Peer 1: 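One structure, pasted below without further comment.
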Amino acid sequence: GAGTLENIDLTVDRLCRGYASAPPALLIPRVQARLRGLRRLHTGRVNLAQQRQLLVAGGWLATLLATLQFDAGDQPAAEDSRDAALQLGKAASHQEIMAWTFELLAWFALVDRRYQDTVDYARAGLELAPSSSAGVQLAVQEARAWSRLGNRREAEHAMRHAGTALTRLPVPSHPEHHFVFDGSKLSFYAAMCYTWLGEADRAEEHAQEVVARSLAVPGIVRWPTRLAIARLDLGLIAAQRGQADEAGQLGVAALASGRVVASTL
């Protein structure tokens, strides 16, 4: 009934919002349990509208599961979940879910150092949902790949594309939702790209902004994973400047947080 479907949507939203603060080991079994529940409901008596709602919910959960599994270092499982998410997105004719599955491919390729594949996957995904959070994230992944290749012009072009697409999106009420791109996330990725490009001053400016936003509320770390990676960026910047002791301290602080995921290691 309607109440069941509403509860499913609320649960999906809560799990996607939990990604920002909860470790993968905690979220993975919860997401898997919800997917099993959706499969049971899908085999019951549902009309076409209810069937599509279940497919969409399953698509988001499978995409989230792939992200979590890759974070945990289980790439084969992540690839299987990504493939399932694509099929669910296709069955529901949901362009943004399909776009996010290409974002996953772009990310997997980036970590595997297949940078041209990252560019190709990002551009393919952009064709599916350019005016969406997925579109912004795909442009960012392209920028990261160009940064790894040392191509500053293309990297900055992709970052500008991401920024322009972001201005067309509404301000999110829950920026911690993994599949919602918020403005502060752009600084997070800019810090990373400029670090890889060897633009120390510009990278430091963005990384310090990420640190400040993460620690804005005393006693609370709002973005623990972003904070850890921003500290890694600052450590790399210190290393570029020959400040070995500071680089080491920042690296240790990032690792001590427990939020440096396998793909970043």
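Since this is a predicted model, take the numbers as computed values, not measurements.
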Peer 1: What pairs with Glu199 under side chain to side chain donor-acceptor pair (under 3.5 Å), at least two apart in sequence or on another chain?
Peer 2: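 Glu199: side chain to side chain donor-acceptor pair (under 3.5 Å) contacts with Arg152.
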
Peer 1: Please list, one pair per line, the donor and acceptor atoms closer than 3.5 Å that link side chains of residues 59-70 to other protein atoms, with sequence neighbours excluded.
Peer 2:
from	atom 1	to	atom 2	distance (Å)
Thr63	OG1	Gly59	O	2.7
Thr67	OG1	Thr63	O	2.9
Gln69	OE1	Ser81	OG	2.7

Peer 1: Taking the six-membered ring of Phe188 as reference, does the NZ or CZ atom of Lys185 fall below 6.0 Å from its centre and within a 45° cone about the axis?
Peer 2: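 Pair Lys185/Phe188 does not count as cation-pi.
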
Peer 1: Got a sec, which pairs hit side chain to side chain donor-acceptor pair (under 3.5 Å) with one end in residues 19-31, sequence neighbours left out?
Peer 2: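 Qualifying pairs, neighbours excluded: Tyr19-Asp71.
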
Peer 1: Thinking salt bridges, do Arg241 and Glu204 make one under a 4.0 Å N-O criterion?
Peer 2: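 Answer for the salt bridge query: yes.
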
Peer 1: Mind checking whether Thr195 and Gln240 have side chains closer than 4.5 Å, heavy atoms only?
Peer 2: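 They are in side-chain contact.
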
Peer 1: Find out whether Gln53 and Gln50 are in side-chain contact, i.e. whether some heavy atom of one side chain is under 4.5 Å from a heavy atom of the other.
Peer 2: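 No, every pair of side-chain atoms sits at 4.5 Å or beyond.
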
Peer 1: Quick one: side chains of residues 220-233, donor-acceptor pairs under 3.5 Å with protein atoms, not counting sequence neighbours, listed by atom name and distance.
Peer 2:
from	atom 1	to	atom 2	distance (Å)
Thr225	OG1	Arg259	NH2	3.3
Arg226	NH1	Ser184	OG	3.0
Arg226	NH2	Asp182	OD1	2.9

Peer 1: Will you find, in the side chains of Glu103 and Trp107, an N or O donor that is under 3.5 Å from an N or O acceptor?
Peer 2: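 The answer is no; no qualifying pair exists.
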
Peer 1: Residues in salt bridge (Lys or Arg N to Asp or Glu O under 4.0 Å) with Asp13, at least two apart?
Peer 2: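 Applying salt bridge (Lys or Arg N to Asp or Glu O under 4.0 Å) to Asp13 gives Arg17.
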
Peer 1: List the residues meeting ring pair (Phe, Tyr, Trp, His ring centres under 6.0 Å) with Tyr121, not counting sequence neighbours, and say none if there are none.
Peer 2: none

Peer 1: Run the side chain to side chain donor-acceptor pair (under 3.5 Å) test against Asp245 and tell me which residues pass, sequence neighbours left out.
Peer 2: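 Counting only residues at least two positions away or on another chain, Asp245 forms no side chain to side chain donor-acceptor pair (under 3.5 Å).
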
Peer 1: May I have all residue pairs that pass ring-ring contact (aromatic ring centres under 6.0 Å, His included) and include part of residues 241-265, sequence neighbours excluded?
Peer 2: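 Qualifying pairs, neighbours excluded: none.
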
Peer 1: Could you work out the complete set of other residues in the hydrophobic cluster of Leu55, with links drawn between I, L, V, M, F, W and Y side chains under 4.5 Å apart?
Peer 2: Leu88

Peer 1: Considering residues at least two apart in sequence or located in another chain, which fulfil the side chain to side chain donor-acceptor pair (under 3.5 Å) criterion with Arg202?
Peer 2: Glu156, Tyr194

Peer 1: Got a list of side-chain donor-acceptor pairs under 3.5 Å for residues 111-118, not counting sequence neighbours?
Peer 2:
from	atom 1	to	atom 2	distance (Å)
Asp112	OD2	Gln75	NE2	3.2
Asp112	OD2	Arg114	NH2	3.4
Arg114	NH1	Asp117	OD2	2.9
Gln116	NE2	Asp120	OD1	3.2
Thr118	OG1	Ala106	O	3.1
Thr118	OG1	Leu110	N	3.0
Thr118	OG1	Arg114	O	3.3

Peer 1: Name the residue from Ile8, Val12, Asn7 that meets the side chain to side chain contact (heavy atoms under 4.5 Å, CB included) definition with Leu10.
Peer 2: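 Testing each of Ile8, Val12, Asn7 against Leu10, the sole residue satisfying side chain to side chain contact (heavy atoms under 4.5 Å, CB included) is Asn7.
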
Peer 1: Could you tabulate the donor-acceptor pairs under 3.5 Å formed by side-chain atoms of residues 205-212, not counting sequence neighbours?
Peer 2:
from	atom 1	to	atom 2	distance (Å)
Glu209	OE1	Ser187	OG	3.3
Glu209	OE2	Ser187	OG	3.3
Glu209	OE2	Arg213	NE	3.2
Glu209	OE2	Arg213	NH2	3.2

